[in-house]
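So the structure is just underneath, and the comments pick up after that.
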Amino acid sequence: MTDPRLIRGVGVSPGLAYAPAVLLEWNFPAVPDRWVSADEVETEVSRLEEAVAAVVHSLNRLRERVLERAGFEESQIFEAQIMMVQDAVFLNEVTQLIRNNRFSAETAYEFKALELRAKWGGSGNVRLRERLADLLATQLRVLRHLTGRGDEELFGFEDQRHVIIVAHELYPGLTVQLDRDQLAGLVSEEGTRTSHAAILAHSLGIPCVMGVSGAASRIQPGAMLLLDGTTGKILIEPTIQELEAAQVVATRRHKLELELEAAVQQPSVTPDGAVVTLMGNVDLPDEIDMAVRHGAQGVGLLRTEFLVAGRAHLPSEDEQLEYFRRITASFAGQPVVIRTYDLGGDKFPAAFAAPTEANPFLGWRSIRVCLDQPEIFRPQLRAILRAAADRELQVMLPLVTRVDEVLRAREIMREEAGDLARAGVRAAREVPIGVMVETPAAVIMADRLAEVSAFFSIGTNDLTQYCLAVDRGNAHLASRFTPHDPAVIRMLRDVLAAGQRRGIPVSVCGEMASEPLFAVLLLGLGFTTLSIAPPTLPLLKWLVRTVPMSAARAAAALALEAPDPEAVSQVLRDAVAPFVDLRLIDPNSPLPGRGSGGYFDAAR
């Protein structure tokens with residue numbers, strides 16, 4: 001029987017919190033329809049301009065506070081909001097409504113704001129839908145100014161201390177405007193790990209759970225909550241015994257953290273002698289030092305999209321060269337795999353004129369964009385060739401579905417290498433080109449792709465999405481996004497076999513490799529190189545050194561025969577349990593019942 005006090009979501013920022021719930025509702029203030037006389041029109045336009053300027057000033061203060069508390073990358077979230085507030089096209093439409101219809105500033109602004117929100121909410125562009133919270137936050141601030149409410153006291157519980165906020169949706173400013181002693185934790189019905197509120201909560205160390213269906217209706221104001229941002233579980237009105245058990249788990253987690261620190265300097269070898277290579281995935285420059293500190297054996301996935309994000313112009317060849325040299329200098333003597341621009345889907349930069357597509361994740365993106373727009377692709381390949389003159393660099397092509405995409409990329413690289421040689425520019429004559437396997441088509445064609453590729457690296461995020469027809473950014477489908485689904489596992493097995501037959505390396509660089517139980521599954525399938533997010537490197541190395549390869553192989557054999565993801569999870573738990581306390585690594589591990597002092601136990 002399921003305990004009605006237990007609510008599940010997705011843990012996006014780790015840690016335990018115990019505090020009363022405060023329900024947050026943030027919607028547009030009531031804006032009465034109001035018209036003005038002809039001689040008041042320009043006054044209303046001035047009021048709009050003044051409100052926008054005031055909001056920009058407030059957001060700049062928030063940006064500076066985040067820069068101090070969290071870092072530069074997080075502060076750029078508010079730079080994006082400032083750009084939203086100042087959007088010239090939108091403001092011009094509001095101004096025209098004031099002048100042509102003699103609407104008051106707040107009436108015109110609300111009309112256009114609701115229109116834009118409806119457009120974004122119904123868009124097939126996932127990036128727009130995910131930024132709706134930012135859009136609402138900025139529009140709310142402007143409307144509060146226009147209606148005389150200001151924008152600092154947005155919440156209504158500023159006099160309370162140590163609370164857990166429960167909301168339908170969270171916006172980034174919430175985590176920054178409240179002091180840490182006010183905000184114990186966050187719960188949201190909407191949102192994923194990549195939402196701006198989640199990123200800030202993680203950076204600021206605030207436990208947070210998102211994707212909690214029905215949270216606002218199931219949790220009453222003032223109810224005491226026990227929130228676990230690691231497992232994504234929330235318990236309403238926990239007992240004393242459950243609180244004590246939670247403290248025990250927290251203590252064990254702290255002890256594990258100390259063991260992880262020691263594991264960083266140890267070799268990545270299983271108890272029965274199998275050697276495993278653990279590399280780092282690097283998204284941003286700030287992650288380079290963390291990957292080095294945590295013992296990454298090179299970079300298995302260097303994403304390059306940050307080079308174009310939020311910029312008015314595409315980066316030059318020299319800018320890219322400088323960044324690639326910085327990476328390779330940090331990992332001297334170790335391989336660095338550069339993924340070429342994975343543009344499209346939700347990642348078209350401001351500097352690029354992106355088409356409007358009904359389904360952008362099945363549209364013009366990744367290698368397709370690079371091959372169709374060689375003026376983008378060629379400078380990046382030239383920068384890689386120059387950086388590879390005395391370093392071990394490799395190139396990975398994203399979203400490959402056809403052999404001719406690899407052949408064309410290799411041809412362009414040969415052309416650029418020839419041009420550099422003729423110009424007397426110091427550069428490598430060639431760089432190994434591999435394929436990021438992340439579509440069912442690439443899996444099916446793996447034997448042919450292996451003939452033209454230097455290596456395979458499996459991107460389990462998109463592979464799972466396309467294989468299972470599940471939007472990985474949709475919080476309502478979070479429970480269906482299961483990289484350990486038997487269908488995905490069999491694809492992983494087949495790609496590895498195709499690579500081994502051809503004698504090329506095959507690794508995994510998707511988020512699946514960062515999840516402890518799934519990492520054991522990957523090792524058992526035969527993958528000996530994993531590339532993971534830098535923060536998870538210590539845990540994975542500790543796990544490698546704790547669980548024998550023989551146990552992982554036995555579990556993988558059973559997982560390949562399992563009928564569903566739940567059975568796969570149970571197989572993995574059974575395999576790991578003799579070596580590891582599952583409560584420390586598995587968010588869904590069933591814990592002891594109330595009689596033995598357990599907590600978050602769904603079975604009563």
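In this chain, residues are counted from 1 in sequence order.
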Which atoms form the tightest heavy-atom contact between [X] and [Y], and what is the distance?
| X | Y | value |
| --- | --- | --- |
| Arg410 | Val452 | NH1-O, 2.9 Å |
| Ile206 | Ser13 | O-OG, 2.7 Å |
| Pro207 | Gly15 | CB-O, 3.5 Å |
| Val568 | Pro486 | CG2-CG, 4.2 Å |
| Ser514 | Leu540 | O-CD2, 3.7 Å |
| Gly280 | Ala296 | N-CB, 3.8 Å |

Checklist line | Under the ring pair (Phe, Tyr, Trp, His ring centres under 6.0 Å) test, residues paired with Phe518 that sit two or more places apart | finding: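 His484.
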
Item checked: Any residue meeting ring pair (Phe, Tyr, Trp, His ring centres under 6.0 Å) with Phe331, in chain and number order, not counting sequence neighbours -> none

side-chain contact (heavy atoms from CB on, under 4.5 Å) involving [X] - partner list, sequence neighbours excluded:
| X | result |
| --- | --- |
| Val248 | Arg252 |
| Ala513 | Val508, Leu522, Leu530, Ile532 |
| Val187 | Ile164, Val166, Val212, Ala215, Leu227, Ile234 |

Next item on the list: Give a yes or no on whether the backbone of Met210 and the side-chain of Ser188 come within a donor-acceptor separation of less than 3.5 Å.
Entry: no

Are any non-hydrogen side-chain atoms of [X] and [Y] less than 4.5 angstrom apart?
| X | Y | result |
| --- | --- | --- |
| Asp462 | Thr439 | no |
| Leu543 | Val580 | yes |
| Val264 | Leu537 | no |
| Leu6 | Lys233 | yes |
| Arg490 | Leu560 | yes |
| Cys509 | Met279 | no |
| Met491 | Pro440 | yes |
| Ile288 | Tyr323 | yes |

What residues form a side chain to side chain donor-acceptor pair (under 3.5 Å) with [X], not counting sequence neighbours?
| X | value |
| --- | --- |
| Ser507 | Ser457 |
| Thr270 | Asp272 |
| Gln247 | none |
| Glu416 | Arg378, Arg382 |

Report all side-chain donor-acceptor pairs from residues 496-504 shorter than 3.5 Å, counting only partners two or more places apart or in another chain.
none

Please report the interatomic distance [atom1]([X]) to [atom2]([Y]), rounded to the nearest 0.5 Å.
| X | Y | atom1 | atom2 | result |
| --- | --- | --- | --- | --- |
| Leu235 | Glu242 | CG | CD | 5.0 Å |
| Leu385 | Arg426 | CG | CZ | 13.0 Å |
| Leu492 | Thr464 | CG | OG1 | 7.5 Å |
| Leu397 | Asp342 | CG | CG | 11.0 Å |
| Phe324 | Leu393 | CZ | CG | 8.0 Å |
| Leu16 | Thr231 | CG | OG1 | 8.0 Å |

Notebook entry, point to check: So Leu523 and Val544, side chain to side chain contact (heavy atoms under 4.5 Å, CB included) or not? Walk me through it.
Noted result: CA-CA 9 Å; Leu523 295 176; Val544 165; 4.0 Å; yes

Item checked: Worked check of side chain to side chain contact (heavy atoms under 4.5 Å, CB included) between Glu438 and Leu399 -> CA-CA 6 Å; Glu438 48 190 335; Leu399 207 75; 4.0 Å; yes

Checklist line | Contact list for residues 526-549, test side-chain hydrogen bond (donor to acceptor under 3.5 Å, both in side chains), sequence neighbours left out | finding: Glu259-Trp542, Asn281-Ser531

Next item on the list: Return each pair, listed once, that meets side-chain hydrogen bond (donor to acceptor under 3.5 Å, both in side chains) where at least one residue sits in residues 383-393; pairs must be two or more places apart or across chains.
Entry: Glu317-Arg386, Asp318-Arg386

Item checked: Stepwise side chain to side chain contact (heavy atoms under 4.5 Å, CB included) check, Leu521 with Leu525 -> CA-CA 6 Å; Leu521 171 61; Leu525 288 171; 4.3 Å; yes

Margin query: Surrounding CD of Glu322 (heavy atoms of other residues, nucleotides or ligands, distance under 6.0 Å), is the total greater than 12?
Written below: no

Notebook entry, point to check: Of Arg339, Gln320, Gln380, which meets side-chain hydrogen bond (donor to acceptor under 3.5 Å, both in side chains) against Thr304?
Noted result: Gln380

Next item on the list: Check the side chains of Gln465 and Asn461 for a donor-acceptor pair under 3.5 angstrom, ignoring hydrogens and angles.
Entry: no

Margin query: As a quick check of understanding, evaluate side chain to side chain contact (heavy atoms under 4.5 Å, CB included) for Leu539 and Leu256, giving each step before the final call.
Written below: CA-CA 9 Å; Leu539 176 60; Leu256 175 61; 4.3 Å; yes

